[in-house]
Amino acid sequence: MLQIARVTREMSSASRIWKGVMLQDNFGRKFEYLRLSITDACNFRCNYCLPDGYDCLGERDYMSLSEIQTLVSAFAQLGTKKVRITGGEPALRKDLTDIIALCANTPGIEQVALTTNGFNLEKKIEQWLNAGLTNLNVSADSLDPRMFETITGSSKLENILAGITKAQALGFDKIKLNAVLLKQFNLSMFDDYLAWLRDNAITVRFIELMETGSNQLYFQQNHVSGSILKQQLLDQGWSQVIRDKLAGPAQEFYHAEYAGKIGLIMPYSNDFCQTCNRLRVSSHGQLHLCLFTEQGIDLRSSLKERDIEQTKLDVIASMSNKKLSHELQQNITGINQHFASIGG
Ligand code: SAM
Ligand code: SF4
């Protein structure tokens with residue numbers, strides 16, 4: 001049964017903090033992490049996500065700044081401490097810096113993370129950090145420009161890596177690089193990432209390719225099991241890091257001879273959903289209890305009304321519908337046509 005502890009609002013000298021609220025599902029999992037998609041548009045054509053590019057004819061009625069404020073306030077008052085801004089490509093929104101600031105200034109939010117393809121990272125990172133960004137994930141599916149372009153349709157790898165270097169030069173060290181390893185494309189480049197990590201104090205996270213409604217054949221041809229990579233790392237002397245409470249879904253590994261770390265996101269492993277701590281809201285204001293549910297839950301009318309209390313009630317009411325696990329092993333992908341639509 002859903003348990004919501006009594007809300008007590010306390011004032012601290014620095015900020016107003018909500019205490020004692022916790023979103024919890026029927027299986028005892030607690031949710032302190034919101035993945036917030038702010039657009040489903042993208043300027044890349046990753047062949048596992050949007051191989052034909054963004055469908056410009058799609059509806060673009062994305063949540064406004066004030067709707068996002070209502071949403072984030074409601075989640076914060078329900079115990080959310082971390083917001084990850086994602087998309088589509090979130091950096092395509094001109095008000096991204098304002099969205100970061102809004103999240104960072106919401107009482108109760110301790111971490112504001114961004115997942116981006118990094119196309120304008122070099123230009124924008126300083127602004128984003130000043131606005132309150134605390135964690136950055138940049139996707140780079142290859143460190144080789146030609147392979148990168150084959151997978152993403154973009155020739156921007158150099159700019160993206162320069163953006164990461166700039167973030168580091170600004171003293172920012174909460175950076176992760178995301179890569180999906182694909183049998184027919186970049187799998188043979190696994191060792192390139194390891195070599196890069198010897199001197200680079202960054203975490204590279206390998207995300208296991210997931211099946212969606214639109215990539216079934218591609219999935220069969222390119223899926224690489226994360227457990228094989230895990231065994232390879234353990235054989236090479238990498239050790240597993242103990243998981244933090246607000247951490248994402250990755251299992252992390254370190255090695256004395258490497259400055260960087262490795263994360264493995266293995267959604268096909270049996271216990272993956274046991275540690276689920278996140279909820280998702282799409283750019284159109286639909287709550288998704290999982291990436292692979294059959295439908296979203298509409299929060300939009302409460303958000304349009306700027307009604308924080310009703311938004312909270314909508315979220316609370318939905319929690320008992322959260323399932324124990326996705327059914328990806330049975331090739332059930334739910335409403336998820338591609339990750340850009342809900343927010344990866
Ligand atoms: N456009 C941004 C980016 O690429 O970082 C943010 C959105 S993207 C959907 C978020 C992450 O989802 C990226 O790291 C991407 O590689 C990953 N992703 C997209 N489709 C995927 C799939 N079918 N399986 C696994 N990861 C996927
Ligand atoms: Fe765009 Fe990200 Fe999807 Fe690539 S993975 S097509 S960058 S949304």
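Order of appearance sets the numbers: ligands from 1, and atoms from 1 within every ligand.
Applying the side chain to side chain donor-acceptor pair (under 3.5 Å) test to Asp40 and every residue at least two apart in sequence or in another chain returns Tyr54, Tyr62.
Under the 6.0 Å cut-off for aromatic ring centres, Phe272 and Phe292 do not qualify, their centroids lying 6.0 Å or more apart.
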For residues 151-159, which side-chain donor-acceptor pairs fall under 3.5 Å, sequence neighbours excluded?
from   : atom 1 : to     : atom 2 : distance (Å)
Thr152 : OG1    : Phe148 : O      : 2.8
Thr152 : OG1    : Ser154 : N      : 3.1
Ser154 : OG     : Lys156 : N      : 3.0

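In this pair, Phe206 and Tyr193 present their aromatic rings perpendicular. The plane angle is above 60°, beyond the 30 to 60° band.
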Between ligand 1 and the protein, tabulate every N or O atom pair separated by less than 3.5 Å, reporting distance only.
from     : atom 1 : to     : atom 2 : distance (Å)
ligand 1 : 1 (N)  : Gly88  : O      : 3.0
ligand 1 : 1 (N)  : Glu89  : OE1    : 3.1
ligand 1 : 4 (O)  : Ser139 : OG     : 3.3
ligand 1 : 5 (O)  : Thr116 : O      : 3.3
ligand 1 : 5 (O)  : Ser139 : OG     : 2.6
ligand 1 : 14 (O) : Ser139 : OG     : 2.9
ligand 1 : 14 (O) : Asn178 : ND2    : 3.3
ligand 1 : 16 (O) : Tyr48  : OH     : 2.8
ligand 1 : 23 (N) : Met210 : O      : 3.0
ligand 1 : 24 (N) : Met210 : N      : 2.9

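A salt bridge is defined here as a Lys NZ or Arg NE, NH1 or NH2 lying under 4.0 Å from an Asp or Glu carboxylate O, and Glu305 with Arg300 fails to meet this definition. Arg146 and Glu149 are not joined by a salt bridge, as no carboxylate oxygen comes within less than 4.0 angstrom of a charged side-chain nitrogen. Using a 4.0 Å cut-off between charged nitrogen and carboxylate oxygen, Glu32 and Arg278 do not count as a salt-bridge pair. A salt bridge does not link Lys323 with Asp25: none of the charged nitrogens is closer than 4.0 Å to a carboxylate oxygen.
Looking only at distances, no side-chain donor or acceptor of Glu67 sits under 3.5 Å from a matching main-chain atom of Leu303.
With waters left out, the protein N, O or S atoms under 2.8 Å from atom 3 (Fe) of ligand 2 add up to 1.
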